[in-house]
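Take a look at the structure set out below.
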Amino acid sequence: MRRPLFVGNWKMNKTAAETQLFIENFKSYKNDNCDIAICAPFTALHVFDGNENFKLGAQNFYPAAKGAFTGEVSLEMLKEYGVSYILIGHSERREYFHEEDAFLQEKYRFAVQEKLTPILCVGETLELRQKGEALRFCGVQVKAILENIKVEGLPNEMIIAYEPIWAIGTGYHASSDDAQEMCAHLRQIVQNLCGDCETRILYGGSVNTDNVASYMSKEDIDGALIGGASLEAESFAALITEGCVTHA
Ligand code: PGA
């Protein structure tokens, strides 16, 4: 059985002091039945000491070892803080920072080469969903990044996050049936590309304590990528507990 994975994406939230407070409140939470990660802002990474009950992730990096890239951060710098997961292709990076497929593929290759675990995010707009093109579109997004990467270049652990754009931070969320249909479709695509690699597929988009169970009861949904609802320690813990119990 695939082990459930819950990943908090803090986006541009929490100072170092606020992060400290979160850790204080979250450190007593233990759940042996799932994996937990938090993608924190760069400026808060130093607050985590590696003894936490969850893994550390980052939200961005630049795909080069070092050099004249003013304002950018390398993976080597992130690894120094114990970062092991890295978000790639989040719709906010695609939309606001114009990260396109070729660049995202470069990031993906780089992350794998540096032995970090990429969380590849895909998702459709509301318009595409309404036109019935969501499955095709997200399938193309996955292939655009993974297709030309040789099997030996793929990570041991593949993680895909399906996040419909219209559900991110809006309070609207995909029905669990639609999310299941998409995650099964994406799993098939990944399997065709890499054979039997271990793949976990997450749903993201306004996941909260009330709706997490409906997603986790589905066969192909292995966890969640959680923005707003990961910011408070107690409710994040409650969400994980709820999701773990109902994992299909
Ligand atoms: P949300 O964000 O849970 O606040 O909708 C999810 C995400 O962007 O990863």
Side-chain angles (χ1 to χ4, degrees), residues 5-9 11-12 39 59-60 85-109 111 118-149 154 158-194 197 199-208 210-230 243 248:
L5 170 64
F6 296 90
V7 182
N9 173 14
K11 311 190 182 190
M12 199 173 73
C39 298
Q59 303 167 23
N60 190 31
Y85 289 98
I86 187 84
L87 297 180
I88 296 181
H90 191 284
S91 63
E92 287 152 17
R93 301 277 339 153
R94 292 180 195 256
E95 185 181 348
Y96 306 138
F97 304 99
H98 314 293
E99 294 193 2
E100 290 178 355
D101 288 344
F103 182 65
L104 293 174
Q105 193 180 60
E106 204 183 326
K107 286 178 96 171
Y108 199 92
R109 274 184 212 278
I119 300 175
L120 175 60
C121 308
V122 298
E124 82 285 357
T125 59
L126 187 55
E127 197 190 348
L128 285 165
R129 164 74 44 196
Q130 285 166 342
K131 281 201 209 145
E133 288 181 20
L135 290 178
R136 184 198 55 78
F137 181 82
C138 295
V140 168
Q141 279 189 316
V142 167
K143 285 189 205 151
I145 307 305
L146 299 184
E147 202 155 49
N148 299 319
I149 297 180
L154 291 169
M158 305 275 283
I159 303 175
I160 310 282
Y162 165 54
E163 296 204 300
I165 295 173
W166 49 273
I168 295 177
T170 57
Y172 297 109
H173 48 90
S175 75
S176 54
D177 286 340
D178 284 349
Q180 159 60 24
E181 184 186 33
M182 177 66 79
C183 293
H185 175 64
L186 299 179
R187 186 180 304 287
Q188 193 57 55
I189 289 174
V190 174
Q191 250 154 29
N192 290 345
L193 292 172
C194 76
C197 54
T199 306
R200 288 192 279 188
I201 308 204
L202 317 180
Y203 169 77
S206 298
V207 175
N208 59 38
D210 296 333
N211 62 27
V212 68
S214 67
Y215 296 114
M216 294 304 293
S217 66
K218 298 293 182 186
E219 175 77 27
D220 285 287
I221 303 179
D222 305 319
L225 181 55
I226 305 132
S230 69

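Only heavy atoms go into these numbers, but all of them, side chains included; no hydrogens, no water, no symmetry mates. Index from 1, following the sequence.
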Answer yes or no: is there a side-chain heavy-atom contact under 4.5 Å between Val190 and Leu193?
no
d(Leu186 CG, Tyr162 OH) to nearest 0.5 Å is 8.5 Å
- Would you say the side chain of Val7 lies within less than 4.5 Å of the side chain of Tyr85, judging by non-hydrogen atoms? no
Rounding to 0.5 Å, atoms CD1 (Ile145) and CG (Asp101) come to a distance of 4.5 Å
dist Asn208:CG -> Ser230:OG (nearest 0.5 Å) comes out at 12.0 Å
Interatomic distance, CD@Glu124 vs CZ@Arg136, rounded to 0.5 Å, equals 11.0 Å
Item checked: Backbone of Arg94 reached by a side-chain donor or acceptor of Glu99 within 3.5 Å -> no
Whether Glu133 side chain and Leu128 backbone form a donor-acceptor pair below 3.5 Å: no
All heavy atoms of His173 vs all of Gly205, minimum pair found to be CB-O, 3.5 Å
Next on the checklist: Is there a side-chain contact between Lys143 and Ile189 in this structure, where contact means two heavy atoms from C-beta onward sitting under 4.5 Å apart?
Outcome noted: yes
Note: Cys197 and Met158 closest approach over all heavy atoms is SG-CG, 3.8 Å
Q) Checking Ser206 side chain against Ala167 main chain: does a donor-acceptor pair fall under 3.5 Å? A) yes
Handout entry: Beyond-backbone contact of Asn60 with Leu87, side-chain heavy atoms, under 4.5 angstrom
Key = no
Sorted by chain and number, sequence neighbours left out, salt bridge (Lys or Arg N to Asp or Glu O under 4.0 Å) with Glu127 holds for Lys131
TODO: Examine distances only and state if a side-chain atom of Arg187 and a backbone atom of Asp220 form a donor-acceptor pair shorter than 3.5 Å.
DONE: yes
Value for CD1 (Ile160) from CD1 (Ile88), rounded to nearest 0.5 Å, stands at 10.5 Å
Test side-chain contact (heavy atoms from CB on, under 4.5 Å), reference Glu163, set Ile168, Val207, Leu202, output is Ile168
The side chain to side chain donor-acceptor pair (under 3.5 Å) partners of Asn192 (sequence neighbours excluded) come to Gln188
**Prompt:** Between the side chain of Arg200 and the main-chain N/O of Ile159, is any donor-acceptor distance below 3.5 Å?
**Reply:** no
Rounded to the nearest 0.5 Å, the CG atom of Leu146 sits from the CG atom of Leu104 at a distance of 11.0 Å
| said: For a 4.5 angstrom cut-off between non-hydrogen side-chain atoms, does Lys218 reach Asp177? | reply: yes
Any donor-acceptor pair under 3.5 Å linking the side chain of Asn9 with the backbone of Gly227?
no
- Task: Could you go through the side chain to side chain contact (heavy atoms under 4.5 Å, CB included) check for Phe6 and Met216 one step at a time?
- Result: CA-CA 11 Å; Phe6 296 90; Met216 294 304 293; 3.8 Å; yes
query = Glu92 versus Phe97: any side-chain heavy-atom pair under 4.5 Å?
reply = no
What one should report as the nearest heavy-atom pair of Ser214 and Ser176 is O-CB, 3.4 Å
Q) Parallel, tilted or perpendicular: which describes the rings of Tyr203 and Tyr215, with under 30° parallel and over 60° perpendicular? A) parallel
TODO: Ignoring hydrogens and angles, tell me if any N or O in the side chain of Glu219 forms a donor-acceptor pair with the backbone of Gln180 under 3.5 Å.
DONE: no
- Item | Met182 side chain reached by Leu135 side chain, heavy atoms, under 4.5 Å | yes
For a side chain to side chain contact (heavy atoms under 4.5 Å, CB included) check, start with the C-alpha distance between Gln59 and Met12, then their side-chain angles and the critical distance, and finish with the verdict.
CA-CA 9 Å; Gln59 303 167 23; Met12 199 173 73; 5.9 Å; no
